[in-house]
Amino acid sequence: MSGADVFAMEPDEVHRSVEILFDVEAEVNRQTTELVQATTETAQTLADSDMAIGAALAEAAEWWNADRAGGFTSLCGNTGEYLAVCAEDAVEVDDYTAGDFASLADHDRYPGRANENASARPDW
Amino acid sequence: MSDMSWKDLRDLECANLRWVGESWKTYATAMVEQTERLRTDVVDGHLSIDNYESDTADTVREQIGLIGDRFEDDLSDYATIRVSTTMLETADALEAEQLELRELVGLIEDHDFEIEGDLHEYEVNPSAALHRAIWDLKPPEWLCDRVGIDRASAWYDLASQADALVHIKPVYDSAKELCGQYQDWLRAIMSRAHDADDDAAAALSAMKENPPELPPQFGATYDDLIDDYKTALTEEVAAEMEAIANGDTDMSPEQVNQWWEDLSDAEREALIAAHPEWVGPTDGIPTTARDTANRVLLDNEIDSLDDQIASIEAQLAGARGYDEGGSVDYDALQAELAALRQDRDDLASLQDQITDDEGNPATYDKTGQSYYLLGFGTEGSGQAIVSIGNPDTAANVNAYVPGTKADLGDASGGLMGRTETMARDAYKLDPGNETATILWLGYDAPDSVAPEAMQEEWAEGAAEDLESFTQGIRATGGEEPSNMTLTGHSYGTTVIGLAASSEGVDADNLILVASPGVTVDTADALGVESVYATTNDLDPIGWGSVHGADPTREAFGATEIESAPGGVSENNHSTYWNESNQTGRDAMAGVITGVAG
């Protein structure tokens, strides 16, 4: 088993990298969710006082959660899933789809991923 | 828009805002630990070249690096600079206003007044109980004291009641005068609180506008998308600087300063070299960087004016021989030429003022301090912001705001002369601690006493810029805040007063010289710890104020500084920095340096 154009690969080390990427993804999601929930509660009390900052803070926190922290965790997950596939079979970065993860990755090692049942067909 | 009522502000838990700010800061630190794991444990650890070697492996390592860099930039730009700093700054600003409000509300209640009206136009009026007490000829003790009459001790104290009856109008007037002062104070507090709330909301809302792209995910077209991403990355700092300079980010000067300090030396130097037009005028960027950028801009502007002048001169010269049909408007061209020559001469004079014979920054010989150019412009009467000494490192900062008829030409003439005089006075009084003295002609001053200086629109146009300027000085200063003074002369005091009461200025002292009024009737409404006022006995401005109460009146609540007039034949509205007023100058220097004058 090897990744695309591989000259050398230690599959166990790649798997360890995947685990860290998934762990970072989960940890950032967890801490961000906690922060955004607490921020939203405070934002509501400010909005109740007719302060402009109330709505703006809630929207900013939600945007951060969805777009920036969310974007980061999504990229961590995507990179981890790609590496999980590479540890099993060769695939170029340009050819990779979530379906590869569904069909090639070791799901016993990485259970519960949303892309476990992803289709190889691109989601247009 | 902020619709906070005075009760909302009074009851606001500022600690909640501060908690949010601190939480986002703590969160950002914790998140950086996660990106460090990606670098240390993945890229340099399990996924290092020893364990994974190929072109694809290089791409994956690079991708993880880009993802981590992007998130760290986001954590700095958004979680820390935007959210955390916005919340902490807003907590500080609102807490300061809340403290004042609680003091004021206590006074209003103690005096049996009440707050009425719309939240943007509050009124303070005598309560029904106070009205009744006055009509019953039993005004309260404090009101009798203000008017100078005795309070009736009992129903049979007919003499005192008769006195109260005789003085019923002065009693009412006195109560209403105090109501008016409290009303000004309340409105100023709420104006600054609404301003802080709206500014914070704008900064938070603006952060969602045009954020940088994230790295693309692995998948179809990744190779193309990652090239686009890397190209955008090289232009990102310039794009951010442009957005900041154009006001699109609504970042405070403190936030701008944090952003600037997060750049590498190379990024800062590249911005100054490539885009001095964005660096030079932006509050929150350190003085030396702004000075370097503004000197380049000044050179460029003079060269540009030379080109424009030559072009018009050529048009005029060429048209003289051939324009028999009259297609050239000579009068318009001549007028345009005269205006351009005036601007060119004014800017050249400014350049001479701040540059020595070798082309280096000039030094003011009486104090040994360099001149720093913080801004200039030719719009309207022209603008110039010039500092003698570096305000980022000085122990004391004094910004002089001139008034009516101040213009760009005078920025290197009489206005600079007064600025230098104040710098010299401060140096003489306290040579051991540097005082940076700034000419702040950062607004379009009125050109005439009547009608322009009778209007407040010039001050309204200056208020936000003066607020931002004072915040910028605080942001770029050291850990130990400087003793900061705003010294206004004539209409310049109106500019300061309106900015202080409506927007808030980050200053320790205000010195109001020859003031025609500061748009409020009490020093309390200015939101600054120490307020001083001075008008000499022969200054015609003392004949009547135009923009609110005379700040030298005792009821206004400022500390009066004595100023000696010049000769009776002199224009004593303009003698405050002459030798004839050394006493007044020393007193001002005492305030500016924090040394008793």
Side-chain angles (χ1 to χ4, degrees), chain A residues 3-10 12-17 19-21 23-24 27-28 31-32 34-35 38-39 42-43 45-46 48-57 59-61 63-64 67-69 71-72 74-76 78-79 81-83 86 90-98 122, chain B residues 1-5 8-9 11-13 16-17 19-20 23-24 27 30-31 34-35 37-38 41-42 45-47 50-57 59-60 63-64 67 70-71 74 78-79 82-83 86-87 90 197-198 200-202 204-205 207-208 211 214-215 217-223:
Chain A
D5 68 2
V6 164
F7 299 108
M9 176 195 276
E10 294 290 341
D12 284 347
E13 295 295 327
V14 173
H15 281 304
R16 281 291 298 131
S17 300
E19 287 163 10
I20 293 169
L21 279 158
D23 189 53
V24 167
E27 186 60 22
V28 171
Q31 292 196 39
T32 303
E34 280 181 13
L35 176 76
T39 301
T42 303
T45 65
L46 299 174
D48 291 344
S49 297
D50 289 321
M51 293 178 67
I53 198 175
L57 178 62
E59 287 168 16
W63 174 79
W64 171 262
D67 283 36
R68 307 313 287 189
F72 171 73
S74 174
L75 284 161
C76 286
N78 167 262
T79 308
E81 290 179 359
Y82 173 74
L83 280 173
C86 284
V91 60
E92 297 291 346
V93 293
D94 251 11
D95 298 332
Y96 172 74
T97 67
Chain B
M1 183 179 171
S2 182
D3 284 326
M4 179 177 26
S5 69
D8 291 328
L9 177 60
D11 299 336
L12 180 67
E13 293 286 348
N16 287 346
L17 279 77
W19 177 84
V20 171
S23 296
W24 279 73
Y27 162 83
M31 293 300 95
Q34 297 299 320
T35 60
R37 286 180 69 196
L38 295 182
D41 298 345
V42 178
H46 300 292
L47 210 63
D50 294 340
N51 299 324
Y52 190 28
E53 183 183 4
S54 69
D55 291 346
T56 299
T59 300
V60 173
Q63 171 79 345
I64 294 171
I67 294 169
R70 174 79 278 152
F71 194 43
D74 282 357
Y78 298 117
R82 304 296 189 96
V83 180
T86 294
M87 297 309 291
T90 308
D197 185 21
D198 285 334
L204 291 173
S205 297
M207 70 187 242
K208 304 191 292 290
L214 296 168
Q217 295 201 343
F218 285 143
T221 69
Y222 174 82
D223 284 340

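First the proteins, then the strands, lettered A, B, ... as listed; each starts at 1. Since we're looking at a predicted model, the values are computed, not measured.
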Let me know if [X] has heavy atoms under 4.5 Å from chain B in its side chain, its backbone, both or neither.
X	answer
A/A61	both
A/D67	backbone
A/T79	both

Are B/D74 and B/R70 ion-paired here, with the side-chain N under 4.0 Å from a carboxylate O?
yes

Less than 4.0 angstrom from a charged side-chain N to a carboxylate O is my criterion; do A/R16 and A/E19 meet it?
yes

Sort [X] into side chain, backbone, both or neither according to what part of it lies under 4.5 angstrom from a heavy atom of chain A.
X	result
B/T221	backbone
B/Q217	both
B/I64	side chain
B/M1	backbone
B/W24	both

Does one side chain, of B/Y222 or B/T59, offer a donor that lies under 3.5 Å from an acceptor on the other?
no

Any luck finding a side-chain donor-acceptor pair between B/D8 and B/S5 under 3.5 Å?
yes

